[in-house]
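These notes concern the structure reproduced below.
Counting convention: from 1, in listed order, for ligands and their atoms alike.
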Amino acid sequence: MTGKPRLWITRRLSDATLERAARDYDATINWEDRTWSADEIVQMSRDFDAILPCHSEIFNADVAARLSDRVKIIANHSVGVDHCDLPALKARGIVVTNTPDVLSDATAELALLLMLGAARRAIEGDRLVREGRWDSWSPAFMVGKQVSGARLGIIGMGRVGRAMARNARGLGMEIHYHNRRRLPPEQEQGAIFHESLDTLLPVSDFLSLHCPATPETEGLMNAARIAQLPEGAVLVNTARGALVDEEALLEAIRSGHLAAAGLDCFRTEPGGNPAFAAHDNIFMLPHIGSATRRTRDAMGFRALDNLDAFFAGREPKDRL
Ligand code: DGY
């Protein structure tokens, strides 16, 4: 290849990331931050050696099959890669990377916010005060669910799950978890391992999801599993919307089996689930788990590190 590699940055990334990308690559940047259809992605791919996308760009089997031969690497600006059909991209000889580690703390912070906000009725309280409807007080008023001393179940004890466990330990919660493999004691930090969801769910006063969306975890929290949670449990999801059966969640909120939910991820994004809006005990945010300035820079730099390694002939650190 003569000259700098041609790089397509599909969304508007942090200023520091774009500055570095423009210095080191022949970069085309989506300054308007528009989204792209499958056909547009395929068409754009003809002009680039590398693509730096976010989870908002879909590289399913159809797109993978139609991508230009010119594209050698897709360096994702995300840890989740459920928007990429990895076997299909691999079959095309395209290298795929992600950005693990760097967003764990930011995402776990948001999970904590959702857990606390859902438990202590943050939306309902904020609305009362904001709308000038706060006209009385009594000991029975806006009573929520206490987090300290409660049991937190974590599904997926990877980097984000462990950061969430650390946060929750600071609040005096008892940590239980399910993971494909039991962690070594220095990572467990006293958390109680459950080989099966059948024993984890009944002890989870709060349940936080931190596993990837895969064909195996699709609809993981369905009606039967939600029913296994204790009466009045709180469900938190900062991972992916596909993990939760949203109809089952709604039904459990309506019946009171779930006291509340805190959600940063939805089956339909952007947009979310309009049926959730009728319930103030569903605390919702628009997929902003990793949206802090420091983490956005770190994600952008990690994606560029992977590109730099690839074009220098080295193995990218985060190759999938
Ligand atoms: C991720 O990195 O997977 C976050 O959801 C943001 O894309």
Side-chain angles (χ1 to χ4, degrees), residues 8-14 16-18 21 30 33-36 41 51-60 63 73-86 89 96-115 154-164 208-218 220-221 235-244 246 262-273 283-307 316-320:
W8 177 32
I9 301 182
T10 63
R11 303 303 301 269
R12 184 168 182 154
L13 304 183
S14 78
T17 305
L18 295 180
N30 176 8
D33 210 15
R34 54 164 294 203
T35 52
W36 305 91
I41 291 173
I51 305 178
L52 199 169
C54 295
H55 76 266
S56 48
E57 283 69 63
I58 309 299
F59 294 86
N60 56 20
V63 172
I73 174 167
I74 295 177
N76 285 294
H77 181 277
S78 67
V79 65
V81 286
D82 48 309
H83 59 291
C84 291
D85 187 319
L86 295 178
L89 290 166
V96 181
T97 61
N98 68 343
T99 56
D101 300 321
V102 291
L103 43 67
S104 307
D105 287 345
T107 307
E109 273 175 21
L110 202 89
L112 192 65
L113 169 68
L114 288 169
M115 181 173 73
I154 294 178
I155 302 183
M157 202 63 153
R159 301 169 191 91
V160 185
R162 293 202 299 276
M164 178 61 172
S208 195
L209 308 182
H210 297 289
C211 55
T214 63
E216 293 74 43
T217 60
E218 155 79 32
L220 181 78
M221 290 313 294
L235 175 67
V236 175
N237 186 11
T238 52
R240 283 292 185 266
L243 301 176
V244 176
E246 294 188 342
L263 308 174
D264 185 46
C265 297
F266 304 85
R267 291 219 162 223
T268 304
E269 294 187 11
N273 186 332
F283 183 7
M284 295 183 278
L285 293 172
H287 201 142
I288 53 168
S290 55
T292 69
R293 207 177 295 277
R294 176 155 31 113
T295 292
R296 287 285 182 253
D297 282 349
M299 291 170 75
F301 275 43
R302 186 87 173 219
L304 289 173
D305 289 347
N306 284 321
L307 285 169
K317 184 170 172 186
D318 304 313
R319 183 173 184 167
L320 295 164

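- In the vicinity of S78, heavy-atom distances shorter than 4.0 Å reach the ligand 1 atoms 1 (C), 2 (O), 3 (O), 7 (O).
- Using a cut-off of 4.0 Å between Lys/Arg side-chain N and Asp/Glu carboxylate O, R267 and E218 are scored as salt-bridged.
- When hydrogens are left out, the protein atom nearest atom 1 (C) of ligand 1 is V79 N, 3.5 Å; that is the closest non-hydrogen contact.
- Listed by chain and number, the residues in a side-chain contact (heavy atoms from CB on, under 4.5 Å) with E269 are H55, C265, F266, H287 (sequence neighbours excluded).
- Checking side-chain atoms of D105 against main-chain N and O of A163 turns up no donor-acceptor pair under 3.5 Å.
- Between K317 and D305 there is no salt bridge, since no side-chain nitrogen of the basic residue lies less than 4.0 Å from a carboxylate oxygen of the acidic one.
- Of the heavy atoms in S290, only side-chain atoms (C-beta onward) come closer than 4.0 Å to ligand 1.
- With a heavy-atom cut-off of 4.0 Å, T99 does not touch ligand 1 at all.
- Not counting sequence neighbours, the partners of L220 by the side-chain contact (heavy atoms from CB on, under 4.5 Å) test are I155, L197, C211, R225.
- Checking each of T99, T97, D101, T17 against R302 for a side-chain hydrogen bond (donor to acceptor under 3.5 Å, both in side chains) leaves exactly one that passes, namely D101.
- Taking all heavy atoms of M299, H55, R240, H287 into account, the minimum distance to atom 3 (O) of ligand 1 is reached by R240.
- Considering both main-chain and side-chain atoms, G80 comes within under 3.5 Å of ligand 1 through a nitrogen or oxygen pair.
- The ligand atoms of ligand 1 that sit less than 4.0 angstrom from a heavy atom of L103 are 2 (O).
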